[in-house]
Amino acid sequence: MGRVCSLTGETVECGFLCEGWEMHPKLQNAGRGGGKVKSIKYLNYYWERWLKQQEDLMTKRITADEIVSAADIRKEFNELYGSIFMEV
């Protein structure tokens, strides 16, 4: 079998690459460490904060203009708990 190259539309055999294939620059250091990963504590905080806003919006406790942005939630977390990232 094989797969279809999204660049050329040609079939590429298993184990081979499409002629024009290049790795995305942001992925070239994947697996080498030194990256940043958002902490589970931050992700949970963000999710709970977002769900609460949605509930408040649906029940008309807030208006669409009062929704806090992702950047503001991140800043809030940072002020309360420190960095949103964990060490890798």
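Not measured: the values here are computed from a predicted model.
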Would a hydrophobic clustering, with Ile, Leu, Val, Met, Phe, Trp and Tyr connected at side-chain separations under 4.5 Å, put Leu7 with Val12? no
Quick one: do Ile73 and Leu51 end up in the same hydrophobic cluster if we chain Ile, Leu, Val, Met, Phe, Trp and Tyr together by side-chain heavy atoms under 4.5 Å apart? yes
With the side chain counted from C-beta on, respond yes when [X] and [Y] share a heavy-atom pair under 4.5 Å apart, and no when they do not.
X	Y	answer
Glu10	Val4	no
Cys18	Thr8	yes
Met86	Lys36	no
Ile62	Ile67	yes

Please give me the minimum heavy-atom distance between [X] and [Y], naming the atom from each residue.
X	Y	answer
Ala64	Leu57	N-CD1, 3.6 Å
Lys52	Arg61	NZ-NH2, 4.2 Å
Asn29	Arg32	OD1-NH1, 2.9 Å
Ile84	Arg74	CD1-CD, 3.4 Å

Under the criterion side-chain contact (heavy atoms from CB on, under 4.5 Å), I'd like the reasoning laid out for Leu80 against Tyr45: C-alpha separation, chi angles, the key distance, then a yes or no. CA-CA 11 Å; Leu80 290 170; Tyr45 180 88; 3.6 Å; yes
How long is the straight-line distance from [atom2] of [Y] back to [atom1] of [X], given to the nearest 0.5 Å?
X	Y	atom1	atom2	result
Gln54	Asp56	CD	CG	9.5 Å
Leu43	Glu48	CG	CD	11.0 Å
Met23	Leu17	CE	CG	9.5 Å
Ser83	Lys41	OG	NZ	11.5 Å
Glu76	Tyr42	CD	OH	10.0 Å

For Glu22, is the CD atom crowded, meaning more than 12 foreign heavy atoms sit under 6.0 Å from it? no
Heavy atoms of other groups near Phe16 CZ, more than 12 under 6.0 Å: no
Using the rule given for side-chain contact (heavy atoms from CB on, under 4.5 Å), can you reason through Thr11 versus Arg3, listing the C-alpha separation, both sets of side-chain angles and the distance that settles it, and then say yes or no? CA-CA 6 Å; Thr11 301; Arg3 61 191 184 287; over 6 Å; no
Ring-plane angle category for Tyr81 and Phe77, please: parallel below 30°, perpendicular beyond 60°, tilted otherwise. tilted
